[in-house]
Amino acid sequence: MTVYKQLLSLPENFSFRINLDYLKSTEDGLFRTDQESITRFIVLDGNLFFIKIYVSNNNRLVIETEDVSQSYTKQFERQIMLYIRDWFDLDIHLEPFYTIAKQDEYLKMPISKFYGLRNIGIPDIFEAFVWAILGQQINLSFASTLKDRFIKNYGKRLIHNGEDYWLFPSPRLIASLSMDELFKIGMSRRKCEYIRGIARLIANNQISREKLVQLSDINLAVKQLTAIKGIGPWTANYVLLRCVRYPNAFPINDVGLHNALKLAGSLDRKPSIDEIKQIASAWEGYESYATFFLWRLVY
DNA sequence: GGCCAGGTGGCCA
DNA sequence: TGGCCACATGGC
């Protein structure tokens with residue numbers, strides 16, 4: 001099979017190792033990591049590509065693409081590069097964030113520990129919503145178990161070099177499933193309804209990443225999303241942070257964030273919401289990165 | 001056994 | 001608006 005190789009130059013403040021470690025900690029059947037690379041299948045307009053990502057000696061990102069569907073064109077090449085730039089959030093300028101964070105009581109420790117980390121995103125908005133809804137209220141390890149069951153029950157299995165990879169289930173398929181079919185994996189009935197509802201909205205193109213990007217006002221985006229059953233302020237901000245990439249997305253109610261602030265600030269208790277508003281006022285415009293680095297402390 | 005997990009909607013004053 | 005409560009399940 002033909003393999004195409006592309007290079008992407010990396011920002012100064014990007015550490016491949018730190019980002020690989022992060023991905024390793026979140027491996028979920030959709031991609032795989034080893035000591036030096038990340039691999040996954042991606043689908044573009046129904047065409048299948050297998051990509052391998054690693055770093056070269058002169059600090060460039062190397063992307064090898066196997067043309068599984070025999071459909072590789074310059075257009076797909078461009079889309080694959082955009083996908084990688086987006087997944088690793090390569091186009092954001094983080095110097096202003098680091099300048100703020102270096103002198104911030106709560107951020108200086110996480111940015112020193114994880115310098116070079118990026119908000120590795122969830123490019124597929126349906127996946128982002130499902131992951132957020134699954135994670136509501138329950139502990140993260142159980143949420144991971146549910147996600148694993150979700151992917152392996154409804155997703156598509158592919159094999160590459162004898163190893164399993166999965167494609168995330170399509171919103172169209174999930175929208176068509178019965179409550180019982182969804183309930184069997186162990187999530188609450190309400191989560192089944194929420195997920196089926198969002199699947200329907202995405203399948204009908206009533207909700208899309210592009211539309212949310214175009215709103216460009218986080219208050220509007222949150223308002224629109226929280227009108228949907230099962231999407232509260234936390235889920236809305238989570239999706240805007242991990243997928244749509246609003247830099248000021250801020251899931252202020254997040255328990256993990258609270259624990260991370262307690263740890264980073266050596267507090268004897270978790271801060272209150274009002275205290276967090278005070279703390280975060282210094283991060284204006286970079287709340288999403290502040291949150292992502294703080295999460296890394298506790299997950 | 002009880003309480004908390006990367007919350008949310010529904011009900012009631 | 002603000003205060004409960006149920007929700008599925010796992011870990012401590």
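If you're wondering where the values come from, they're calculated on a predicted model, not measured in any experiment. To find a chain, count down the sequence lines: A is the first, B the second, and so on, and within it residues start at 1.
- Within 4.0 Å (heavy atoms only), A:I228 reaches sugar-phosphate atoms of the nucleic acid but no base atom.
- Using atom C1' as the reference point in both B:dA5 and C:dG2, the two lie 24 Å apart (nearest Å).
- As rounded to whole Å, 12 Å separates atom C1' of B:dG9 from atom CD1 of A:I231.
- Taking a pair as Watson-Crick or G-U wobble with both distances under 3.5 Å, the runs of three or more consecutive pairs in DNA chain B are B:2-5 with C:9-12, B:7-13 with C:1-7.
- When the salt bridge (charged side-chain N to carboxylate O under 4.0 Å, His left out) test is applied to A:D86, the partners found at least two apart in sequence or on another chain are A:R209, A:R245.
- Across every non-hydrogen atom of A:Y106 and A:G265, the tightest pair is CE2-CA, 3.7 Å.
- Closest-nucleotide positions on DNA chain B for A:K229 and A:G135 were compared, and the one nearer the 5' end corresponds to A:G135.
- With sequence neighbours left out, the ring-ring contact (aromatic ring centres under 6.0 Å, His included) criterion links A:F150 to A:Y154, A:F168.
- In this structure the side chain of A:I84 reaches within 4.5 angstrom of the side chain of A:I51, judged on heavy atoms.
- As a whole-Å value, the separation of A:R269 CZ from B:dC4 C1' is 19 Å.
- A:E77 is linked by a salt bridge (charged side-chain N to carboxylate O under 4.0 Å, His left out) to A:K74, counting only residues two or more places apart in sequence or in another chain.
- Rounded to a whole angstrom, the distance from the P atom of C:dG10 to that of B:dT8 is 22 Å.
- A:T65 and A:Q6 share no donor-acceptor pair across their side chains, judged by distance under 3.5 Å alone.
- Closest approach of A:L225 to A:I231, counting heavy atoms only: O-CB, 3.2 Å.
- A:K184 comes within contact range of no nucleotide atom at all, as no heavy-atom separation falls under 4.0 Å.
- Within 4.0 Å of A:P233, counting heavy atoms only, lie sugar-phosphate atoms of the nucleic acid but no base atom.
- Residue contacts for A:T145: at a heavy-atom cut-off of 4.0 Å it reaches no nucleic acid atom on any strand shown.
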Quiz item: How does protein reach along nucleotides 5-12 of chain C, written 5' to 3' as B (base within reach of a heavy atom under 4.0 Å), S (only sugar-phosphate), or - (no contact)?
Solution: -BBBBB--

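- The shortest distance between side-chain heavy atoms of A:F114 and A:Y22 does not fall below 4.5 Å.
- Shown here are the salt bridge (charged side-chain N to carboxylate O under 4.0 Å, His left out) partners of A:R32, two or more places apart in sequence or in another chain: A:E163.
- At the heavy-atom level, A:Y194 lies under 4.0 Å from the strands shown only through sugar-phosphate atoms.
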